[in-house]
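So the structure is just underneath, and the comments pick up after that.
Order of the sequence lines fixes the chain letters, A, B, ..., with proteins taken first and strands second; residue numbering starts at 1 for each chain.
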2 protein chains.
Amino acid sequence: MIETDDPELACPIAPAVDLVFSRWTTPILWALHTYGRQRFVQLERRLSSITPKVLTQRLRQLERDGLVTRTYHPEVPPRVEYEITPLGQSLAPLFAGLADWADENLPKVHEARAVFDAR
Amino acid sequence: MIETDDPELACPIAPAVDLVFSRWTTPILWALHTYGRQRFVQLERRLSSITPKVLTQRLRQLERDGLVTRTYHPEVPPRVEYEITPLGQSLAPLFAGLADWADENLPKVHEARAVFDAR
DNA sequence: CTGTATCCGATACGATACTG
DNA sequence: CAGTATCGTATCGGATACAG
């Protein structure tokens, strides 16, 4: 039995989880991965329930983390395009694996909930 | 180009993300997966920064979702043991994949942050 | 169009104390 | 030991309005 004094960080995937699965990041990355390079307003419409403030916050974070690039075109009106990076693309197999897991196991989760709630 | 009116849910992994990567779930599942069946107080000590209230909340949620079982032994003092279910175990390959991704790519993320912050 | 600024409410978390 | 109850707080996200 391994013992540790820093148990929370003893979960080796915690940093990656914080990075990849913080709120709005998967829908944004999914949109960029699926529909390709697109403008701010396109993302805003696709993620219909997001506000511009939050979308900006998340895009900045993703840009800082190297998962997304931001390209500014100094025109009138201004045009900004966001695109997923190779580093962001490298998450695709993970997302696919998660989608497969969900296809196979989400029904079991709902079944478990029904059983649990029936008490 | 596919178009949809429900863009947030157009991210097919969103439900699974909510289920698996909500706060504290990965450290708890990791502890149960790594160290096996254990008591409430053992989990509490391993996740040193968690409070009993939150630990209870998360364990109930995991139990309801079928990822964890709770076994109550009516003794004095009472003894309760938690164990990961086969459904919970089915997440192991996903977690391993995430760990591999982190090993290879977290350094790149930190590098990207350093570059970004240097402006 | 692409954001920023402000305010606000909900939620979630932690601290603490207490019970069976 | 295994929780529950209560309280205070902090953070985050949404709504709205506005600017370059």
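- OP1 or OP2 of C:dG3 lies within a sub-4.0 Å distance of a side-chain N or O belonging to A:Arg60.
- Residues B:Gln61 and B:Arg58 bring a donor and an acceptor atom of their side chains to less than 3.5 Å of each other.
- Within 3.5 Å, no donor on the side chain of A:Lys53 pairs with an acceptor on the base of C:dG3, nor the reverse.
- The one candidate from B:Arg70, B:Arg39, B:Arg37 that meets the salt bridge (charged side-chain N to carboxylate O under 4.0 Å, His left out) condition with B:Glu83 is B:Arg37.
- Spacing between atom CD of A:Gln57 and atom P of D:dG13 amounts to 7 Å, rounded to whole angstrom units.
- For B:Leu59 and A:Pro78, each mapped to the nucleotide of DNA chain D holding its nearest heavy atom, the one lying further toward the 5' end belongs to B:Leu59.
- For B:Arg39, a side-chain nitrogen or oxygen approaches OP1 or OP2 of D:dA2 to under 4.0 Å.
- Of the candidate nucleotides C:dT2, C:dA15, C:dT4, C:dA15 has the atom lying nearest to any side-chain atom of B:Thr51.
- Between A:Trp30 and A:Phe95, the ring-plane angle classifies as parallel under the 30° and 60° cut-offs.
- Of the side-chain N and O atoms in A:Arg70, none sit less than 4.0 angstrom from OP1 or OP2 of C:dT2.
- Atom CD in B:Glu75 sits roughly 13 Å away from atom P in D:dC1 (whole-Å rounding).
- For the pair B:Arg23 and C:dT11, the criterion of a side-chain N or O lying under 4.0 Å from OP1 or OP2 is not met.
- Put simply, A:Tyr72 has no side-chain N or O that comes within less than 4.0 Å of OP1 or OP2 on D:dG20.
- Considering only heavy atoms from C-beta on, A:Ile50 stays 4.5 Å or farther from A:Leu43 through its side chain.
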